[in-house]
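What's counted below: heavy atoms across the whole structure, side chains too, no hydrogens, waters or symmetry copies. Remember, it's 1-based here, ligands and their atoms both numbered in the order they're listed.
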Amino acid sequence: MPREFRNPIRPHQGPPPTAQTLRRALSLFGPFKWHLTVMVLLVLATSALEQLPVLCIRAIVDEAVVGEGELDEINFYFGAMLGMHLLGALLGVVRGYLNQLIGQGVIVGLRERLHAHLQRMSMRFFTETRAGEILSRVTTDVHGIQEAVTGTFTAMLLNVATLVNALGLMFYLEWRLALALTVVLPLWVYPTLRIGDVMRSLQRSWQQESANMSAHVSETLSVSGSMLVKSFGRQGFEAGRFGQANQALRELTIKRFLAGRWFNTSTQLFGAFSVGLVYFWGARSVVSGEIPSVGVVVAFATLAQRVFTPFRQIARINTTALTSMALFERIFEYLDMPVEVDEKPDARVLARPGGRVRFEGVSFAYRRGGDRALEDISFEARPGTMLALVGPSGAGKSTIGHLMQRFYDPEAGRVLLDDHDLRDLKLSTLADAVGSVAQDTYLFHTTLGDNIRYGHLGASNDEVQKAADMAGLQPLIEALPKGMETIVGERGHRLSGGEKQRVAIARAILKNPPVLILDEATASLDARLEREIREATERLAQGRTTIVIAHRLSTVLSADEICVLEGGRIVERGTHSELLAQDGLYSALYREQMAEEEASGAEQADGEGDNEGDPLATRH
Ligand code: ATP
């Protein structure tokens with residue numbers, strides 16, 4: 001493993017965002033046309049109300065210095081100045097509210113679309129994408145856009161309006177001074193843009209390092225990750241990797257701060273010099289009579305100071321605007337991903353599926369053009385019967401279960417439920433019709449009761465309790481401190497493998513599907529636990545079409561048909577006695593298991609494991 005981090009969540013580094021992205025981002029604001037129009041008007045009004053008081057300053061100064069010193073006039077201008085500021089501030093609050101309304105409207109819609117789209121993605125997407133990457137796009141990226149949308153747009157508008165207003169007023173007050181300042185201003189623009197570039201690239205590196213660190217933390221400090229680290233004693237190694245990113249972040253943060261500091265310092269200095277210059281030149285011009293009043297110089301100097309703030313902010317906004325465009329691209333990239341397993345517009349609903357399952361010449365590869373996990377698979381399971389799939393590890397047994405639930409669609413052939421191609425059925429019909437108890441049961445970080453209720457969200461407490469009883473969960477519930485209300489940890493890590501499986505069985509009992517896929521745990525369970533789970537699954541399987549991915553002989557014995565898989569093909573099929581008579585792969589696996597059982601006795605250790613000690617799933 002390389003010592004340095006691999007970055008799973010790369011910030012945008014490709015070509016600059018296209019005009020198309022910008023157009024698409026802007027189109028999101030379509031439903032808010034009227035809000036936007038009002039907001040633009042408010043921006044113009046508030047910006048004007050911020051600038052106009054300089055005219056009052058000019059009048060007050062001139063009244064005091066060169067006028068007749070009329071106190072009423074001074075009072076009037078003072079009152080007008082306060083009034084303008086007050087009105088500007090109030091309108092600013094309304095503007096902020098409107099801004100949030102628009103920003104949140106755009107973001108909520110985008111986040112919902114993204115979430116809905118991701119829910120429709122096939123399993124291929126989830127197995128090929130790192131969880132951290134998806135999380136980052138749905139949360140961090142959307143949050144970044146939210147900041148840009150609510151902050152950047154109005155800030156840009158406000159700053160441009162302020163700049164235009166201030167420059168306009170300056171020309172109105174004293175065009176020669178204004179012209180001189182307009183010539184000086186670009187001198188300051190170049191270094192500002194340069195520093196802006198540096199800051200942007202530092203920000204990008206910072207995001208990259210920070211994403212690395214989050215990915216590392218989420219991987220190594222998750223339940224499974226920390227188990228792996230501890231079992232190999234790799235705490236030191238992980239601390240080293242974490243330390244590297246931590247140091248890199250420290251350096252980048254300091255550099256970023258320094259660049260920002262230089263940026264502010266240069267602006268402040270330039271602003272201060274310019275104001276000094278205005279006073280210097282203004283005073284000389286007043287003395288020489290070129291400028292008629294001191295009030296003009298004071299008002300001009302006030303404006304000169306203000307002109308730099310919007311300039312500085314526009315340069316900064318440029319950076320955030322580009323970053324947010326990159327974020328929009330990342331979101332659009334996900335939204336544009338085609339939905340592989342989709343529902344047809346005229347998809348059928350089956351009111352009461354009977355549970356006939358048929359595979360017709362099904363072939364499938366996980367990667368397009370890659371090795372096929374299934375090749376020309378055909379079988380039929382009649383309603384209420386049990387079909388067992390056995391064979392060596394990697395033969396394709398679980399893949400059949402995946403296709404039955406339409407996690408993927410076959411490349412060739414058809415999978416049918418009650419003689420309907422699964423691709424013609426509503427996804428909700430299929431989900432209601434097919435239940436599964438997988439090897440690795442996923443539990444949410446919520447109560448035991450709610451985890452069971454996931455099988456039927458409208459189930460009453462009594463129904464949940466009954467399902468738990470049937471799944472043999474009563475002893476566990478009695479042992480737990482809060483019974484059904486006990487929170488089971490994320491992924492069910494607070495429960496044992498056998499307990500988790502019984503929760504899955506209870507969930508399936510509650511769901512009550514006509515078709516059941518039972519992926520038997522490969523873990524070695526002790527004899528009592530195995531018997532209990534077998535009894536629970538037998539209760540569950542009763543009256544349903546059951547496709548069992550069998551690892552234990554006891555299950556296979558009662559199957560109506562057994563399909564023996566090898567290398568993605570069905571190589572033998574029949575009942576237990578027929579297959580023994582064929583003396584092929586099945587009877588070899590059977591003999592192997594018998595020998596194993598004789599050698600080790602019926603006792604097997606409890607706990608999770610892999611295919612070891614599971615002769616129906618391993619082959620020499
Ligand atoms: P086991 O008894 O060990 O669970 P299995 O018979 O159920 O094995 P499958 O899980 O169906 O076997 O796997 C069939 C083949 O497909 C294997 O070669 C496996 O490596 C491959 N495979 C399984 N899942 C994926 C995936 N998500 N992406 C790519 N290949 C996969």
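The cationic atom of Arg573 (NZ for Lys, CZ for Arg) does not lie both less than 6.0 Å from the six-membered ring centre of Phe379 and within 45° of the ring axis.
Counting only non-hydrogen atoms, the option in Pro392, Ser398, Gly567, Gly568 that gets closest to atom 7 (O) of ligand 1 is Ser398. Of the candidates Gly394, Ala550, Gly401, the one placing a heavy atom closest to atom 1 (P) of ligand 1 is Gly394. In this structure, of Ala373, Ser393, Gly370, the residue bringing a heavy atom nearest to atom 3 (O) of ligand 1 is Ser393.
Within 6.0 Å of the OH atom in Tyr366, the count of heavy atoms belonging to other residues, nucleotides or ligands exceeds 12. In Asp371, the CG atom is not crowded: 12 or fewer heavy atoms of neighbouring residues, nucleotides or ligands sit closer than 6.0 Å.
Atoms CG and CD1, on Asn451 and Ile487 in that order, are 9.0 Å from each other to the nearest 0.5 Å.
Using a 30° and 60° split on the angle between ring planes, His402 and Tyr408 fall in the tilted class, from 30° to 60°.
The shortest separation from a heavy atom of Gly396 to ligand 1 is under 4.0 Å, placing the residue in contact.
Those atoms of ligand 1 that come under 4.0 Å of a heavy atom in Thr399, given as number and element, are 9 (P), 11 (O), 13 (O), 14 (C).
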